[in-house]
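Residue numbers start from 1 in every chain, and the chains themselves are labelled A, B, ... in the order their sequence lines are given, proteins ahead of strands.
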Amino acid sequence: MGRKFKGMTKRSEDYPQWYQEVIKGAELAQHAPVKGCMVIRPYGYAIWENIQRQLDEMIKETGHENAYFPLFVPESFINKEKDHVEGFAPECAVVTHAGGHKLEENLYIRPTSETIIGDVYRGWIQSYRDLPLLINQWANVVRWEKRTRLFLRTSEFLWQEGHTAHETPEEAQEETLKMLEVYRSFAEDYLAMPVITGEKPAYDRFAGADHTYSIEGMMQDRKALQAGTSHNLGQNFAKAFEIKYLSREQKEEFAWTTSWGVSTRLIGGVIMTHGDDKGVVMPPKVAPLHVVIVPIARNDEDKAKVNEYLEPLVAKLKKMRYGELKLRVKVDNREALRPGPKFFEWERKGVPLRVEVGMRDVAAGNLVFARRDGGEKQTMSRDSFAENVLSLLDEIQQSIYDKALAFRKENTVELDDLNEFKAFFTPKNKKEPEIHGGFVLAHYAGCDETEKTLKELKVTVRCVPLGQDEEDGKCIVTGQPSRKKAIFSKAY
RNA sequence: CGGGGUGUAGCUCAGCCCGGUCAGAGCGCUGCGUUUGGGACGCAGAAGUCGGAGGUUCGAAUCCUCUCUCCCCGACCA
């Protein structure tokens, strides 16, 4: 009989606590000795690598090239775009000394790279023939946030940031939406995280942008997570950094620029979208491991037989590809652990398929496997498993997406009445607020007073979804005439 | 940055109120053996400047001051 083992906190009991325990239990990341920073452990970093490899392909397929710009941004650059300074300067880390001397000009550690890239683009762009300029960079950035949470908001985080320059506002807008669509499809098709695409309200725009768009996912505590943003920067940065070109009409014009990014926050999104009370659940397409095999044997003789039985299977699996990348298979041969603890560990780590093989299976030519997304253990012949493994992974990928989508639908309501709206976002038990709320789709006129009412409820306008039919309505908060609905929600 | 918590072995914590074998437990870890289809067992062992710095005291994990971390709630935000 097993000893009593403390399970992890349930999502329903304490969601933030669950989130931390899950990260720790799956060995994804830990706090670093530096405030607000994290160490991304190998198992967690592998997810990031898989995100990088596949998203990078998509970014390149849409015509972008990778480059790299400096970590340090001269203070004067940050100061050039008015809104940008106001937005970012307060949360920047600044280098004042280097090489044992005080610097003549402070160097900001990039919170984002529009300014330094703008300065470089000035030199790269002279003619309409130099446009469009389509660049992406994978980098780390630093934002000195007041309150940090592993993956969701850390002082330093990893991301990709695309920076493009165009001839016309139409082209820039097209680019902005194209990359938003890339993010949508990446989130949904790879991370199995359903998202809503839409435009941010004016007050929530990127500092220095004309339009900001985002993808918004619903986490299991029904709060929204902004999982990626795409900005149409108009000519704001072009003017600040004199990114000018000679047009087809022989006139000097400012370029139209965009920027867009997703970060390691996506990993937080994956955890909170799919995780359950046993641990994380990895979407197969970004899972560090697809299949883990636990051999079970009573003695050395059996061990040898089981391993021999497994060899051809493992060899076959390792040659396979799942999507664009190799199938990732591991045989858990650790001697010190019995099978039980191994099962629990791989469950915490969310490996999509766990295979058990013992003498029983060797004799019958079978294996036993369990899907991380649920259901009973199943027995299958060794050969059929190899034939079915890819479709099993596809099924898991699809089923966790469907589950997340169903969850979002269940927790999304359309409302026209402010009282219902308030009730929706008010916990029933104030002393111990339970998980409540969700997404509200309601008319929104975009006026400033709306913000105040929302603030009292701790609700934010997530975005005005794209592709909706316009209709006459009244803003749910102010009653002002409105043509479009917005998604309202509590958010990370 | 405000309010509230917290910090003792890798983890979970006891000890603190009433200073004096208080450096402790369980899990984990190491070695040997037995075990192995859902968190095994025996024996032996290693491991902590009690978050940090000052102070009070004959003596501080324990009392005082300052400081830092992390967590929760706010304000700020990918």
Side-chain angles (χ1 to χ4, degrees), chain A residues 1-8 14-17 19-21 24-25 27 30-38 86-92 111-112 140-161 183 200 203-204 206-207 212 214-217 224-231 259-269 278 294-300 302-303 306 332-348 354-362 366-370 377 379 432-433 455-456 458 460 491-492:
Chain A
M1 273 307 285
R3 195 182 298 108
K4 259 181 277 172
F5 231 84
K6 204 188 136 209
M8 56 181 64
D14 187 342
Y15 197 80
Q17 179 68 26
Y19 179 73
Q20 292 180 139
E21 287 179 16
K24 193 174 170 186
E27 299 182 332
Q30 67 186 59
H31 290 282
V34 182
K35 181 180 165 59
C37 293
M38 66 175 165
E86 284 173 14
F88 282 109
E91 58 180 63
C92 282
T112 177
N140 58 340
V141 289
V142 169
R143 298 180 187 177
W144 219 251
E145 302 287 354
K146 307 289 183 202
R147 198 172 153 202
T148 56
R149 302 189 71 187
L150 292 176
F151 290 116
L152 299 176
R153 185 172 294 105
T154 44
S155 299
E156 178 192 10
F157 58 92
L158 305 181
W159 76 346
Q160 59 69 218
E161 47 179 328
Y183 290 159
K200 286 288 187 185
Y203 70 86
D204 206 14
F206 175 77
T212 286
S214 69
I215 54 171
E216 303 280 335
L225 182 75
Q226 179 173 307
T229 48
S230 186
H231 316 290
S259 69
W260 26 273
V262 297
S263 71
T264 35
R265 172 181 269 195
L266 288 176
I267 297 172
K278 296 177 191 167
V294 179
I296 300 159
R298 288 166 199 282
N299 52 49
D300 288 345
D302 288 358
K303 261 178 218 168
V306 170
D332 186 352
N333 262 325
R334 287 175 295 178
E335 293 282 342
L337 292 181
R338 303 162 92 233
K342 291 181 182 177
F343 299 161
F344 284 105
E345 177 176 335
W346 296 117
E347 238 157 36
R348 283 197 301 275
R354 189 191 69 237
V355 172
E356 305 168 19
V357 173
M359 287 308 285
R360 219 154 65 195
D361 306 296
V362 173
N366 287 338
L367 53 70
V368 172
F369 72 91
K377 286 186 194 181
T379 302
E432 288 180 49
K455 217 157 206 180
E456 285 165 18
K458 296 172 198 163
T460 55
Y492 278 95

N or O in side chain of Lys35(A) less than 4.0 angstrom from U67(B) OP1/OP2 = no

If you look at every strand shown and take non-hydrogen atoms under 4.0 Å, does Pro16(A) touch a base, only sugar-phosphate, or nothing?
-> sugar-phosphate

Would you say Arg338(A) reaches U35(B)'s phosphate, i.e. side-chain N/O to OP1/OP2 under 4.0 Å?
-> no

Under 4.0 Å between any heavy atoms, over every strand shown, what does Val368(A) touch: base, sugar-phosphate, or nothing? Just pick one.
-> base

Roughly how far apart, to the nearest Å, are U62(B) and C50(B) at atom C1'?
-> 10 Å

Side-chain donor/acceptor contact of Glu345(A) with base of G39(B) under 3.5 Å = no

State which of C71(B), A78(B), U36(B) makes the closest approach to the side chain of Ser263(A).
-> A78(B)

Distance-only donor-acceptor test (3.5 Å): side chain Lys278(A), base G38(B) = no

Given that both distances must come in under 3.5 Å, which nucleotide forms a Watson-Crick or G-U wobble pair with C43(B)?
-> G31(B)

Determine which nucleotide pairs with G20(B), using a 3.5 Å limit on both distances of a Watson-Crick or G-U wobble pair.
-> C58(B)

When rounded to whole Å, the CG to C1' distance for the pair Leu337(A) and G28(B) reads 11 Å

Lys342(A) NZ to U35(B) C1': how many Å, rounded?
-> 13 Å

In short, Ala491(A) meets Thr460(A) closest at the heavy-atom pair CB-OG1, 3.7 Å

Taking only N and O in the side chain of Lys24(A), is any of them less than 4.0 Å away from OP1 or OP2 of U12(B)?
-> yes

May I ask you to say what Gly358(A) touches in the nucleic acid, namely base, sugar-phosphate or nothing, with a heavy-atom cut-off under 4.0 Å?
-> base

State whether the side chain of Arg265(A) and the backbone N or O of Leu152(A) hold a donor-acceptor pair below 3.5 Å, judged by distance alone.
-> yes

If you check the Glu347(A) side chain, which of C72(B), G74(B), G38(B) turns out closest?
-> G38(B)

Provide the distance between the two C1' atoms, one in G39(B) and one in C11(B), to the nearest whole Å.
-> 15 Å

Does a side-chain N or O from Lys458(A) land closer than 4.0 Å to OP1 or OP2 of G74(B), or not?
-> yes

More than 12 non-hydrogen atoms from neighbouring residues, nucleotides or ligands closer than 6.0 Å to NZ on Lys278(A), yes or no?
-> no

When we call it a touch if two heavy atoms are under 4.0 Å apart, what does Gln226(A) touch: a base, just sugar-phosphate, or nothing?
-> sugar-phosphate

Using only heavy-atom distances, decide whether a donor-acceptor pair under 3.5 angstrom links the side-chain of Lys303(A) to the base of U36(B).
-> yes

Would you call Glu21(A) and Arg348(A) a salt bridge, using N to O less than 4.0 angstrom?
-> no

Please indicate yes or no: is the ring centre of Phe344(A) less than 5.5 Å from the centre of the six-membered base ring of G39(B), with the two planes inclined by under 30 degrees?
-> yes

Look at Arg149(A) and C72(B) and indicate whether a side-chain polar atom (N or O) is within less than 4.0 Å of OP1 or OP2.
-> yes

For Lys146(A) and C73(B), what is the distance between atoms NZ and C1' respectively, to the nearest whole Å?
-> 17 Å

Glu145(A) side chain: which of C70(B), C1(B), A78(B) is closest?
-> A78(B)

May I ask you to decide if Asp14(A)'s main-chain N or O and Tyr19(A)'s side chain share a donor-acceptor pair within less than 3.5 Å?
-> no

Taken to the nearest whole Å, CD1/Ile296(A) to P/A40(B) is 13 Å

Compare the ring of Phe157(A) with the six-membered ring in the base of A78(B) and state whether they stack (centres under 5.5 Å, planes under 30°).
-> yes

G3(B) versus U67(B) - spacing of their P atoms, nearest Å = 12 Å

Sticking with atom C1', work out how far C18(B) lies from A75(B), rounded to a whole angstrom.
-> 42 Å

Arg147(A) CZ to G3(B) P: how many Å, rounded?
-> 16 Å

Contact under 4.0 Å: Gln20(A) side-chain N or O vs C71(B) OP1/OP2 = yes

To the nearest angstrom, how far is Asn299(A) atom CG from U36(B) atom P?
-> 9 Å

Given C71(B), C76(B), G37(B), the nucleotide with the shortest approach to the side chain of Lys455(A) = C76(B)

Just by distance, do the side chain of Gln160(A) and the backbone of Val262(A) share a donor-acceptor pair under 3.5 Å?
-> yes

Considering Watson-Crick and G-U wobble pairs with both distances under 3.5 Å, what does G2(B) pair with?
-> C73(B)

If we take the P atom in both U30(B) and A47(B), what is their distance in whole Å?
-> 15 Å

How is Asp361(A) classified with respect to the nucleic acid when contacts are heavy atoms under 4.0 Å: base, sugar-phosphate, or nothing?
-> base

G10(B) P sits how many Å from Glu27(A) CD, rounded?
-> 16 Å

Nearest-Å distance for atom pair CG/P, residues Asp204(A) and C76(B) | 11 Å

Please determine if Arg354(A) forms a cation-pi arrangement with Phe343(A), meaning its NZ or CZ atom is less than 6.0 Å from the six-membered ring centre and no more than 45° off the ring axis.
-> yes

Okay, side chain of Lys342(A), backbone of Val294(A): is any donor-acceptor separation there less than 3.5 Å?
-> no

For the side chain of Arg354(A), starting at C-beta, report the closest nucleotide among G38(B), C76(B), G39(B).
-> G38(B)

Please work out if Gly25(A) contacts a base, only the sugar-phosphate, or nothing of the nucleic acid, heavy-atom cut-off 4.0 Å.
-> nothing

Parallel, tilted or perpendicular, as decided by the 30° and 60° cut-offs, for the rings of His231(A) and Phe206(A) | parallel

May I ask you to say what Leu225(A) touches in the nucleic acid, namely base, sugar-phosphate or nothing, with a heavy-atom cut-off under 4.0 Å?
-> nothing

P spacing across the pair A46(B) / G52(B), given as an integer number of angstrom = 24 Å

On a whole-Å scale, what distance lies between the C1' atoms belonging to C32(B) and G26(B)?
-> 23 Å

Could you tell me whether the phosphate oxygens of U36(B), OP1 or OP2, come under 4.0 Å of any side-chain nitrogen or oxygen in Arg298(A)?
-> yes

When rounded to the nearest Å, what value does the distance between P atoms of C64(B) and G74(B) take?
-> 31 Å

Start at the 5' end of RNA chain B and walk down; is the nucleotide closest to His31(A) or to Pro295(A) reached first?
-> Pro295(A)

Would you classify Thr154(A) as touching base, sugar-phosphate or nothing, given that sugar-phosphate means primed atoms plus P, OP1 and OP2, and contacts are heavy atoms under 4.0 Å?
-> base

